[in-house]
Amino acid sequence: MVEIRNIAIIAHVDHGKTTLVDKILYHCELFQSHEKTHDLILDNNDLERERGITILSKNVAVTYKDIKINLIDTPGHADFGGEVERVLNMSDGVLLLVDAFEGPMPQTRFVLQKAINLKLKPILVINKVDKENCTPDAVQEAVFDLMFELGAEEWQLDFPTLYGSAKNNWMSEEQWEKPTSSIAPLLDCVIKTVSPPKVTEGNTQMLITSLDFSSFTGRIAIGRLHRGILLANDSVTMIKSSGQEFKAKIKELFVFEGLGRKKVSKVVAGDICAVMGLEDFEIGDTVAHIERPEALPSIKIDEPTMSMLFTINDSPFFGKEGKYVTSRHIKERLENELERNLAMRLDQTDSADRFLVYGRGVLHLSVLIETMRREGYELQIGQPQVIFKEIEGKKMEPLEELIIDLPEAVSGRVIEMVTQRKGKILAIIPKGERMTCEFLIPSRGLIGLRNQLLTASAGEAVMNNRFKEFTPYKGSIPERINGSLIALEDGLAIPYSLDKLQERGKFFIAPNQPIYKGQVIGENSRQDDLVVNVTKTKKLSNVRAAGSDDKVKLPPPVIFTLEEALEYIQKDELVEVTPKSIRLRKIFLDENERKRNTN
């Protein structure tokens with residue numbers, strides 16, 4: 001029987017997890033010499049490639065010194081923490097990657113806390129030691145202090161440390177100043193440190209921790225077999241997290257091999273497998289013995305902290321670009337997403353075409369919206385709302401830990417912006433010409449902060465945040481100060497009109513772009529909303545003044561990404577999302593109706 005090691009790679013966003021997996025795949029000679037591959041092999045989703053982040057956890061298996069190593073690559077962003085919590089249930093150890101310059105970051109703490117609670121042994125990998133001004137020794141001490149603070153047991157604190165650079169393809173257990181020739185020391189350390197899966201005697205038990213879907217075979221259950229064996233065409237008992245039991249039959253079994261799956265007739269305890277043929281299952285259910293079923297503890301995921309209103313597109317431009325525009329389509333798509341996205345919740349409202357979607361943050365929900373948009377859906381999204389709780393008669397709101405890395409010259413302006421949003425300074429740490437500021441801030445204060453931060457720091461600020469706890473309500477937070485420029489009527493945006501209205505504010509539309517009445521086409525330079533007519537053309541009379549016919553010079557329009565648009569809008573505005581466009585609009589397109597509803 002082949003020996004097995006199950007290990008998850010956890011780290012803060014952009015500390016090099018997926019790059020390290022690439023190098024492990026190359027080292028274990030997973031590809032033939034003639035096969036062409038690219039960097040970040042596991043980030044195979046278009047959105048992941050564009051954003052440069054991992055969104056979905058992935059399983060790969062490599063064989064090293066005749067031992068099968070199941071590697072699980074996890075997302076590093078706090079908004080996808082639900083993915084990390086799920087897959088740690090499948091592993092026996094974790095590779096904790098930390099950047100040699102940045103040290104432990106908010107998400108490092110989050111993922112490490114989960115691993116310690118699950119009694120997993122960590123292997124610390126200090127990556128990017130080739131960076132200038134990096135301090136690997138200080139980082140190792142900081143990780144030790146962090147683990148002690150998180151309540152790690154003595155055997156967990158006795159962790160091995162490796163230094164290296166995944167990008168340059170080397171790891172070393174000794175000194176970080178002397179590069180080695182490969183990442184073999186890391187794989188040797190995994191085999192030595194991570195114990196084989198502990199298999200207890202008893203009947204079959206497998207916890208479903210992940211879902212996949214195939215258009216040929218339907219839903220696929222992925223998980224680790226904790227006890228017993230699984231056979232193809234075998235009958236099993238499914239135990240729901242609610243305790244309900246029903247019989248099911250396994251049609252096909254697969255184990256992971258390289259980047260793909262290999263069909264097998266039998267799976268032994270300790271291995272990670274994919275099961276086809278089961279129906280009506282959810283993440284957290286148990287596949288158990290047909291006659292003597294015993295359930296495993298279900299997966300508990302942290303609660304959502306933010307909600308958004310999803311509604312059908314009812315603007316004058318509806319149906320021009322998208323394929324799926326009705327409430328039935330949107331409802332079906334959201335219900336499908338619920339099956340595999342554990343950290344998401346869906347609520348019906350009093351209207352059939354409006355849905356409340358709850359998630360971990362703006363990025364978590366914007367990835368869903370962007371995916372739907374690419375699939376051909378048209379929809380409208382309301383302003384993100386933070387979820388409040390009533391605890392012992394007090395109104396409570398989510399509090400976040402915020403770390404901003406920025407140039408020293410702009411730190412004063414940024415600290416002022418955060419404190420205006422009820423942020424509290426915890427620490428200011430200088431690092432050369434840059435500095436790291438740590439804050440505690442209500443989740444409400446983060447909405448729209450990233451745009452302002454990037455403007456204030458000329459795009460140099462790096463912001464990371466993590467949910468900490470629920471805290472008593474901190475009072476009102478100042479919202480966007482400037483009002484909106486709203487289109488008066490349908491038509492094309494005429495350059496002549498845009499030129500005459502330039503001093504009124506910044507525009508979000510290009511010349512000759514089609515617009516409709518009630519669309520938000522710019523930001524007013526003053527506080528109130530202003531309705532403007534940008535469809536008015538120049539009167540072609542024969543009266544001319546010398547020099548008045550100068551060529552129109554317009555500044556380029558402000559173009560929002562989806563997250564920026566969601567953070568920018570006010571309570572009375574929506575973001576209209578179609579496969580080709582992102583537009584902002586007022587909920588009530590007619591000016592008289594807007595006035596009636598504000599009074």
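Residues take their numbers from the sequence shown, with the count starting at 1.
No side-chain N or O of Q380 forms a donor-acceptor pair with one of T311 less than 3.5 Å apart. Under the 3.5 Å distance criterion, with hydrogens and angles disregarded, no donor-acceptor pair is assigned to the side chains of Y568 and E573. Side-chain contact check for N70 and N6: at least one donor-acceptor pair (N or O, by modelled atom type) lies under 3.5 Å. Checked by atom type, the side-chain pair Q383/Q385 shows a donor-acceptor distance below 3.5 Å. If you check the side chains of T237 and E245, you find no donor sitting under 3.5 Å from an acceptor.
One N or O on the side chain of E564 and one on the backbone of T561 form a donor-acceptor pair closer than 3.5 Å. Formation of a donor-acceptor pair under 3.5 Å by the R434 side chain with backbone atoms of D405 is found in this model. A donor-acceptor pair is defined here as one N or O able to donate and one able to accept, closer than 3.5 Å; no such pair exists between the side chain of N524 and the backbone of L485. Not a single donor-acceptor pair under 3.5 Å links the side chain of N597 to the backbone N or O of R594. Checked by atom type and distance alone, the side chain of E335 never pairs as donor or acceptor with a backbone atom of E332 at under 3.5 Å. Counting only distance, with no hydrogens or angles, the side chain of D285 and the backbone of S241 share a donor-acceptor pair below 3.5 Å. The backbone N or O of L120 sits less than 3.5 Å from a side-chain atom of Q156, completing a donor-acceptor pair. Between the side chain of R583 and the backbone N or O of F317 there is no donor-acceptor pair closer than 3.5 Å. Looking at Q205, its side chain never comes within 3.5 Å of a backbone N or O of T286 through a donor-acceptor pair. Checking side-chain atoms of S581 against main-chain N and O of T578 turns up no donor-acceptor pair under 3.5 Å.
Nearest heavy-atom pair, Q519 versus L584, reported as atom, atom and distance to 0.1 Å: CG-O, 3.3 Å. Residues C437 and L406 approach most closely at SG-CD2, 3.8 Å, considering heavy atoms. The shortest non-hydrogen separation linking V98 to P104 is CG1-N, 3.7 Å. Residues A11 and L97 approach most closely at CB-O, 3.2 Å, considering heavy atoms. Minimum heavy-atom separation, S366 to L566: CB-CD1, 4.0 Å. Taking all atoms of both residues into account, the shortest heavy-atom contact from I587 to K571 is CD1-O, 3.6 Å.
Put simply, CG on L368 and CZ on R333 are 6.0 Å apart, with the number rounded to the nearest 0.5 Å. Interatomic distance, CG of L453 versus CD of E460, reported as 12.5 Å (0.5 Å rounding). The line from CZ of R421 to CD1 of I477 is 7.5 Å long, rounded to the nearest 0.5 Å. How far CD of E378 is from CG of N313: 5.0 Å, rounded to the nearest 0.5 Å. Rounded to the nearest 0.5 angstrom, M372 CE and N336 CG are separated by 10.0 Å.
Shown here are the side-chain hydrogen bond (donor to acceptor under 3.5 Å, both in side chains) partners of E567, two or more places apart in sequence or in another chain: there are none. Take F588 and apply the ring pair (Phe, Tyr, Trp, His ring centres under 6.0 Å) test, not counting sequence neighbours, and it matches no residue.
Other residues, nucleotides and ligands contribute at most 12 non-hydrogen atoms within 6.0 Å of the CZ atom of F148. By the 6.0 Å contact criterion, CZ on F318 is open, its count of non-hydrogen atoms from other residues, nucleotides or ligands being 12 or less. Heavy-atom contacts from other residues, nucleotides or ligands closer than 6.0 Å to CD of Q527 number 12 or fewer.
Between E591 and K586 there is no salt bridge, since none of the side-chain N atoms of the basic residue sits less than 4.0 Å from a carboxylate O of the acidic one. Between E294 and R227 there is a salt bridge, since a side-chain N of the basic residue sits under 4.0 Å from a carboxylate O of the acidic one.
Using a 4.5 Å cut-off on side-chain heavy atoms (C-beta onward), K331 and Q348 make contact. In this structure, V414 and Q452 have side chains that are not in contact, with every pair of non-hydrogen atoms separated by 4.5 Å or more.
Cation-pi geometry between R219 and F281 is satisfied (NZ or CZ under 6.0 Å from the ring centre, within 45° of the ring normal).
A perpendicular orientation is assigned to the rings of Y473 and F388, their planes being inclined by more than 60° (bins at 30° and 60°).
Separation of the Y324 and Y377 ring centroids falls under the 6.0 Å cut-off.
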